[in-house]
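Working notes, structure below.
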Amino acid sequence: MARPKATAESNHFKSLHALCPHCATPGRIYGSRQITPTYKQFHLSCRNQMCGHSWLAELNVVHTIVPSACPNPDVSIKLGPTLAQMIRANAADGTGITGPPANDDEAPRLQG
């Protein structure tokens, strides 16, 4: 099967990575296809030459966190929960977490 050509676009995704599901070595993106404005496919290959696995990964828009200042009228993305709603949900489920930690130093205190 022929691999998609690496493009200049694939260079933009150097910070985006996925581990090989077989050997846990970082994969390399060698191609991508924008299917819809909210869905993209990525072709990846394992950097471990002994493994040789290649796979297709997907990137989907799940929900909006901060609405766009210039929304596309042809794209409909549901609004995600607000921070206040997430805090209320965590307090209601009995976890005792009433807000996000300010930094990693606070995380053990809130969880313990």
Tightest non-hydrogen contact, residues A18 and L44, listed as CB-CD2, 4.0 Å
Atom CD1 of residue position I65 - does it have more than 12 heavy atoms of other residues, nucleotides or ligands inside 6.0 Å? no
Taken to the nearest 0.5 Å, the spacing of R33 CZ from Y39 OH works out to 8.0 Å
Residues joined to L79 in its hydrophobic cluster, side chain to side chain under 4.5 Å directly or through other members, sorted by chain and number, are none
Are the side chains of S32 and K40 in contact, using a 4.5 Å heavy-atom criterion? yes
Distance col, row T38:OG1 vs H63:NE2, nearest 0.5 angstrom, shows 14.0 Å
Fill in: Side-chain (N60) to main-chain (V62) donor-acceptor, under 3.5 angstrom
no
Is it possible for you to say whether W55 and I29 belong to one hydrophobic cluster, with membership spreading through side-chain heavy-atom contacts below 4.5 Å?
yes
Closest non-hydrogen contact found for T25 with C46 is CB-SG, 3.8 Å
message: Angle between ring planes, Y30 versus H43, binned at 30° and 60°: parallel, tilted or perpendicular?
response: tilted
For V75 and P37 the tightest heavy-atom approach is CG2-CB, 3.8 Å
Correct closest heavy-atom pair for R47 and P26 would be CG-O, 3.3 Å
